Structure formats: structure tokens, C-alpha cells
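Please read all numbers here as calculations on a predicted model, not as lab measurements.
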Amino acid sequence: MRRSVGRPPLVRGRTRPQGRLTLVFVVVTALMLTLLGRLWYLQIVTGPSYVRAATESRARSVVLPPVRGQILDVRGRPLVANETKPQVSVDYMALIHQPDGGKDVLTRLARALGRPYQEIADRARLCTGDVPRPCWPGSPYQPIVVADDVSVRTALWIAERQDEFPGVSTALRPVRTYPLGPAAAHVLGYLQPPSPDDPAGGPELIGRDGLEAQYDRELTGRTGIREVAVDSTGKVTGLIREEAAVAGDTLVTSIDARIQELAERALARAVTAARKRGEPADSGAVVVLEAKTGRVTAIADYPTYDPGVWTGGISQHDYEDLPLVSAAVQGQWPPGSTWKVTSTAAAAKAGYSLRASYDCPGGYTIGGRVFHNFESAELGRMDMHRALVVSCDTIFYRFAEKMWQRDGGLKPVKHPKDPMQAMAGEFGFGTPTGVDLPHEAQGRVPGRAWKKANWERTKADACRRAKTGYPEMSDRKRAAYLRALAADNCGSGGVWWAGDAANFSIGQGDVLVTPLQLARGYAALANGGTVFSPRIGKRVVRPDGAVVRTITPPVAGKIDASRTTLRFIRDSLADVPRTGTAAGAFEGYPFGRLPVAGKTGTAEAYGRQDTSWFASFGPVDTPKYVVVVVVSQGGTGATTAAPAAREIWEGIAALTHGAKKHDEKKHDKKSKKDKKDGRGTRSASLPPVAFAGAGGAR
């Protein structure tokens with residue numbers, strides 16, 4: 001076979017390399033198109049969002065807490081102030097993201113602070129249902145203060161070693177201080193971190209009770225913010241923007257710190273004296289009001305506590321031991337004979353003459369049961385003036401039974417008038433006073449409707465106890481009494497008996513009042529019938545001194561009793577400290593300087609010692625203040641509450657006398673200057689300044 005010359009032989013598969021190159025070209029082209037598409041997407045479509053993200057990632061926000069407003073007394077004395085102290089805080093989220101959950105950091109921190117590790121660790125943990133105090137009840141994204149009483153030197157030492165203390169920060173922060181110590185603790189309230197459910201970006205601490213809670217919005221101020229630029233290492237490179245915090249407003253109250261301290265001391269001494277006599281004296285309160293305005297001058301509670309305990313955290317054990325219930329605003333007791341002012345007004349309105357003569361036997365029989373005077377005293381015949389002075393019970397029993405019969409007795413008319421219940425309501429009893437404090441109790445004015453409703457709620461249990469008795473009780477006499485009571489309630493517990501009306505007339509049985517309610521009622525009696533809703537706040541003032549608003553106690557009602565009736569009751573009560581049931585407690589009192597009127601009350605309760613009351617006002621002719629004292633299980637009103645009230649009134653008289661002397665000295669200096677300047681001596685003949693009249697300090 002002849003082979004072609006000049007032509008290479010045909011090779012099988014010659015096109016394979018060319019195909020591979022084509023494939024590579026296609027793949028590379030596809031990749032380039034993909035990259036270009038991705039680049040277009042990143043640069044054009046989502047570029048702005050990444051720019052924002054990059055900017056945000058290099059900005060850090062720092063919350064600037066505002067200085068919380070102060071709480072002042074009526075004369076400008078601080079009741080709650082601020083003191084700047086170094087604080088050490090930890091970032092909870094930063095700690096838990098460390099390999100050991102932040103244990104090493106907290107260990108070093110505890111060593112630096114000179115505290116036990118467990119104390120710091122407990123304060124840095126979050127509060128949950130099974131975690132006892134101390135713990136952090138706020139948001140995990142807020143700085144958690146673990147120490148707020150460290151020295152400046154220690155705070156600076158920690159701040160300079162951030163590599164050893166990641167997630168730990170130090171700062172100078174204002175801390176609440178209480179110049180009066182435990183005085184008015186329940187009135188002032190306390191602060192705590194907001195709960196995790198509260199909106200983010202709010203204050204670090206919010207008011208949880210008392211005035212701190214009631215006026216939290218005004219006191220808090222406005223949180224500021226500072227945004228700074230940082231590099232990739234976290235180093236600050238510049239300031240982006242800053243919005244300064246706005247300090248909170250100041251709350252000026254009507255509390256007079258001088259009278260507040262008088263009330264605190266008198267109450268503590270009354271409790272101590274009662275205990276020395278063998279009385280349990282487990283709690284008590286003092287309320288001082290301005291009679292003509294409804295403003296609160298002082299509220300003292302026993303037991304009390306030092307509100308400084310909230311600073312720096314508190315253990316669960318200490319928290320559970322705190323007496324957080326205000327006896328003055330939330331405590332409720334039968335008022336005893338202090339209640340007779342409402343019953344007297346009701347009797348007068350019902351047509352009974354206050355100047356007529358009535359018999360005051362040692363006992364008065366109603367429905368086969370004898371209702372006794374105190375210690376069954378036979379006091380003879382007297383008018384209502386004398387009945388209030390010596391506190392005759394049996395006259396009021398008679399009034400109550402007659403009024404009950406007028407309303408139909410056991411077969412009441414369609415619309416019974418219930419004069420005593422109606423008058424008690426006009427004095428403001430049975431409803432909250434509306435004071436500017438949270439958690440106020442409303443007291444109780446029992447009557448036909450209340451007893452029936454209460455019986456319907458408790459009938460099933462009463463009938464069960466009527467059968468089973470109280471086998472769990474060791475006191476068999478008490479158990480037998482309760483079983484008999486249950487049997488009675490099972491059959492006819494919803495009936496308003498004449499005996500219920502009799503007990504009501506002297507402030508016994510199911511009647512309940514708070515000390516603040518009783519003070520408001522006596523203020524209405526003293527001022528001629530106006531029932532105020534008391535207020536503690538007086539003005540809200542900006543840091544620059546401008547008045548934001550003035551707080552005026554609103555009028556809640558008017559007593560539907562004649563001026564003659566109210567004057568009669570006031571005049572009668574003026575003799576109680578002089579010749580009546582409180583005469584022993586007020587022996588030697590300077591009535592000429594500051595005449596006082598009042599009423600003792602001794603409220604009985606089965607299984608407990610008597611509750612001691614004294615409600616008073618003065619000066620008698622132009623009442624300025626109302627003072628109410630109560631000591632639970634403190635004995636009679638004359639032996640415990642009345643002496644405490646006398647101590648307060650003597651203190652008020654001394655304060656007033658001191659102010660009077662001061663005014664006289666100023667007056668004498670001005671007179672001498674006027675003579676020297678040839679301006680005449682007319683002012684020198686003016687009488688000295690008398691006791692400040694009704695209306696009080698403005």
C-alpha cells in the first residue's frame with residue numbers, strides 16, 4: 001500500500017483537549033459571572049445596609065443615668081437626698097459568655113473588694129422564683145451593681161485593670177440617703193431596679209413604695225445617652241453624639257421634720273411603756289394632719305426600719321424581716337369610743353337633743369343580752385356633753401337600738417335610713433382617703449347589706465364548723481365559743497341584730513378604721529365639716545427652682561351636720577383632757593399655751609389585748625393640727641395613746657413658742673430701728689404674734 005506523502009497520519013481522539021479547554025472556559029466564565037453578580041448584589045442591592053451595620057458595629061451607647069430628685073420637708077430639710085459614691089457593676093451577659101461563666105472574674109473582684117465571693121456572686125445573679133435575695137430583679141442587659149460603698153482608690157484600681165476584670169465597670173453614681181434615718185420610712189418608700197418586663201432604656205432604679213413610687217415620674221428625670229465610635233479593638237476613637245441626662249424634679253412635702261421626729265419618739269416611748277406594763281404592744285401609728293387644709297404633717301409607724309437597708313442589696317432573710325406594712329395607712333382596728341363623734345352627730349340629725357338629760361346605767365339590755373359600760377360603771381343622768389367627756393356607752397346603746405327599731409328591726413323597711421352608718425360615711429369612713437401613697441386600706445363600715453353579703457360568702461364554712469367544731473385548737477374554751485358562733489352564723493348569720501347596731505355605735509364589732517381615716521374624720525370635725533383627701537406632696541419643683549405644679553388636697557365630701565352640732569361636739573371634747581377620761585394623762589399640761597381637745601378609745605377584741613386610741617385637735621377655738629395615736633394591744637386609750645399624744649402636743653407648743661419668741665425679737669429690733677430712723681413707734685405697740693391660725697405653713 002502506498003502512503004500519502006506530506007500528510008500526517010490521522011490520530012484518533014484529536015478533539016479531546018479542545019473540549020476540555022471549552023469546559024474550563026465555561027466554568028471560569030460562570031464563576032466570574034457569579035462573582036460579578038454577587039459583587040453587584042453586595043455593593044448595589046445590600047450595600048447601604050452593610051454600611052449601616054458597619055457603622056453600628058463601631059458605635060457603642062452608654063446610658064447616662066439622671067440624678068433623682070430630692071424629697072424635702074415643708075421647711076426645705078431633706079428627707080431623701082443623694083450622695084455620690086463609687087459603684088462597681090458587672091455585665092451579666094459578658095460574664096455568662098466566659099468559659100467558666102465569669103467565676104474567675106468574680107473571684108478576683110471579690111478579692112479586690114475585700115468581700116466574700118458568695119456575696120458578690122449572689123448579687124450578680126438574676127432573681128427567679130427559686131432564687132432568694134440578694135439577687136438582681138432587673139433586666140440582664142443592665143449593669144448589675146454588686147458594690148456601692150467602695151473607696152475611690154479601690155474603684156480606680158479596678159478600672160485600670162480591665163484585662164483582669166472583663167465585664168466589670170466602675171462609675172460615680174448618686175446613691176439615696178435618708179437624713180432622718182428610720183423616720184417616715186414607710187412614707188418615703190424605696191427604690192429597686194425595674195423588672196425584666198419593664199421597657200428597656202428606662203431608669204436604673206424606680207420607686208417601689210411610698211412617695212418614691214407615687215411621684216416616680218417626677219423624681220426620675222430623663223435618662224441621657226452617649227454614643228462613641230470605637231475601633232475593632234474596642235478603643236474609643238471619637239464622640240458620635242450625646243444627649244445629656246435631665247435631673248429629676250424635687251418633691252416638696254407638707255411633712256414637718258421636727259414634728260415627724262416628735263411623733264416617732266412619742267410612739268416608740270408609748271410602745272415601750274405599754275410593754276413594761278405587760279401589754280404586747282405589737283404595732284402602732286401616729287398621724288398629724290393640718291385640720292384646715294388636709295395636708296399631712298407627720299406619719300409615724302411602729303415597727304419601722306432604716307430605708308438605707310436597700311442600698312447595696314439585701315438578703316432574703318433580712319427582706320422577710322422588714323416591716324413593710326404601714327400601720328398608719330394599711331393597719332385596721334376597731335376605733336372604740338373615738339367613733340362616738342359620728343354616733344353623736346347621727347343622733348342629733350335623727351332628732352335626739354344633745355342637751356337633754358339621759359340615764360347612764362352600768363348596763364343596758366338588748367335582746368336578752370346586757371351591754372355594759374366600761375367596767376360596768378354607773379354614771380347617773382347626764383347630757384351628751386358629759387356623755388362624751390366621761391365616755392358613757394349605755395346612752396349610745398339606747399340611741400342605736402331606737403334607730404334600729406325605727407328602721408323596722410328584724411323586719412326592716414324597704415329603704416332603711418341606717419342613720420349611724422350614713423353619718424359614718426359622711427365622715428369619710430369605709431372608703432380609702434385617697435392619700436398620695438400606694439396600697440391604702442379602705443376600712444369597714446358594716447351594716448345590713450354588708451352582713452348579709454358576708455354571711456353568704458362564709459355560710460358553707462360556718463355550717464361545716466357548726467358540725468365539726470374546732471378540734472385542732474388546744475384552747476377548748478375558745479373552740480367551744482367559736483363553734484357556738486359558727487352555729488349561730490349558719491342559721492341566721494345574715495341578720496343585722498340590735499346588738500350589732502349597739503356595737504356599731506361605740507366603734508366595736510365589725511367596724512374597722514385606719515389611723516389616717518380617723519385623723520381625716522377628726523380634721524373634718526375640727527374644720528367645720530369639710531372632708532379632705534389628704535396629701536403629702538405639696539409642690540414639684542424643677543432643678544432650677546421653677547415650680548412645676550402645686551399639689552392641693554381635694555375636697556372629698558362634706559359632713560351633713562349642722563354647725564351647732566359640730567361645735568357642740570368640739571366643745572365637749574375640749575373637756576376630755578381637762579376633766580374627762582384623758583385628765584390623768586394631761587395633768588399639768590399647759591392648756592393656756594395650746595388648748596387641746598380629744599377623745600380616748602379602748603377597742604376590745606376577743607383573744608387580743610385592747611387597742612389604745614387617742615384622737616385630738618388643737619388649738620380648740622381655731623384648730624390647726626389633728627393628732628391621732630394608736631397602739632395595737634397597748635391597753636386603754638388613757639394609759640398609752642393619750643400620754644403619747646400629750647408629748648406630741650407639748651412638742652408642738654414648744655416649737656410654736658420658740659417661733660413666737662423669734663418673731664418678738666425681730667419685732668423689737670425693727671421697733672428700735674424705726675425709732676432711730678424717726679419712723680415712729682406705732683408698730684412697737686402691736687401685741688406679740690399668737691399661735692399660727694388654721695391653714696398652716698404654705
Side-chain angles (χ1 to χ4, degrees), residues 68-83 175-191 207-215 219 250-273 281 283-290 295-311 314 318 321-331 435-439 514-516 519 534-538 625-631 641 644-645 647-652 654-655 696-697:
R68 192 172 178 88
Q70 296 186 92
I71 302 177
L72 309 178
D73 88 334
V74 70
R75 300 166 64 245
R77 180 176 175 180
L79 302 174
V80 182
N82 298 303
E83 182 179 349
V175 176
R176 285 310 231 189
T177 60
Y178 304 89
L180 298 188
H186 295 89
V187 171
L188 300 175
Y190 57 91
L191 304 177
R208 288 297 190 193
D209 200 4
L211 296 175
E212 292 277 25
Q214 193 74 22
Y215 292 95
L219 293 168
T250 292
L251 175 66
V252 179
T253 71
S254 56
I255 296 292
D256 188 324
R258 303 169 303 170
I259 298 178
Q260 179 70 41
E261 290 176 323
L262 283 173
E264 300 279 354
R265 287 196 301 268
L267 180 59
R269 287 173 182 166
V271 169
T272 300
S283 64
V286 172
V287 177
V288 183
L289 298 183
E290 291 180 3
R295 297 191 187 278
V296 177
T297 300
I299 291 182
D301 290 284
Y302 185 92
T304 187
Y305 69 96
D306 187 346
V309 71
W310 300 106
T311 303
I314 183 174
D318 290 342
D321 286 344
L322 287 179
L324 296 179
V325 175
S326 168
V329 180
Q330 297 166 272
V435 67
D436 48 348
L437 289 175
H439 317 308
T514 69
L516 182 60
R535 289 293 181 270
I536 301 172
K538 192 170 185 180
Y625 293 118
V626 169
V627 176
V628 167
V629 180
V630 62
V631 178
E647 183 177 341
I648 296 168
W649 282 114
E650 286 182 330
I652 292 173
L655 292 173

Checking [X] now: which residues fulfil side chain to side chain donor-acceptor pair (under 3.5 Å) with it, not counting sequence neighbours?
{"X": "Asp306", "value": "none"}
{"X": "Ser326", "value": "Asp301"}
{"X": "Gln214", "value": "none"}

Return the [atom1] to [atom2] distance between [X] and [Y], rounded to the nearest 0.5 Å.
{"X": "Leu191", "Y": "Leu219", "atom1": "CG", "atom2": "CG", "result": "8.5 Å"}
{"X": "Leu655", "Y": "Arg258", "atom1": "CG", "atom2": "CZ", "result": "4.5 Å"}
{"X": "Arg535", "Y": "Leu289", "atom1": "CZ", "atom2": "CG", "result": "12.5 Å"}

Ile536 backbone acceptor or donor facing Asp436 side chain under 3.5 Å
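Yes, the answer is positive, given that a donor and an acceptor are paired below the 3.5 Å cut-off.
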Mark yes or no for whether Ser254, through its side chain, and Val296, through its backbone, hold a donor-acceptor pair below 3.5 Å.
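Judged by distance alone, yes, a pair lies under 3.5 Å.
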Results of side chain to side chain contact (heavy atoms under 4.5 Å, CB included) for [X] - residues two or more places apart only:
{"X": "Ala184", "value": "Val187, Leu188, Gln260"}
{"X": "Pro78", "value": "Gln70, Leu72, Ala81, Pro179"}
{"X": "Tyr302", "value": "Leu267, Val271, Arg275"}
{"X": "Asp321", "value": "His317"}

With sequence neighbours excluded, residues passing salt bridge (charged side-chain N to carboxylate O under 4.0 Å, His left out) with [X]:
{"X": "Arg75", "value": "none"}
{"X": "Arg176", "value": "Glu212"}
{"X": "Asp73", "value": "none"}
{"X": "Glu264", "value": "none"}

Closest non-hydrogen atom pair, [X] against [Y]:
{"X": "Leu180", "Y": "Arg77", "value": "CD2-NH2, 3.2 Å"}
{"X": "Gly284", "Y": "Ala327", "value": "O-CB, 3.3 Å"}
{"X": "Ala328", "Y": "Ala300", "value": "CB-O, 4.5 Å"}
{"X": "Ala270", "Y": "Val631", "value": "CB-CG2, 4.3 Å"}
{"X": "Ile652", "Y": "Leu262", "value": "N-CD1, 3.8 Å"}
{"X": "Val626", "Y": "Ala519", "value": "CG1-O, 3.7 Å"}

Name the orientation class of the two ring planes belonging to Trp310 and Tyr305 (parallel below 30°, tilted from 30 to 60°, perpendicular beyond 60°).
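Correct class here is perpendicular.
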Do Thr304 and His186 have side chains that get closer than 4.5 Å, going by heavy atoms?
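Answer yes - side chains close enough.
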Tell me which one of Lys538, Arg295, Glu290 satisfies side-chain contact (heavy atoms from CB on, under 4.5 Å) with Val74.
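Among the candidates, only Lys538 passes.
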For Tyr215, what residues pass the ring-ring contact (aromatic ring centres under 6.0 Å, His included) criterion, not counting sequence neighbours?
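Here no residue qualifies.
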Decide yes or no on side-chain contact (heavy atoms from CB on, under 4.5 Å) for Tyr625 and Ile648, but give the supporting numbers first.
CA-CA 11 Å; Tyr625 293 118; Ile648 296 168; over 6 Å; no
Please report the C-alpha distance between Leu79 and Tyr178 in whole Å, then the side-chain angles of each, then the deciding distance to 0.1 Å, and finally whether the side-chain contact (heavy atoms from CB on, under 4.5 Å) criterion is met.
CA-CA 6 Å; Leu79 302 174; Tyr178 304 89; over 6 Å; no
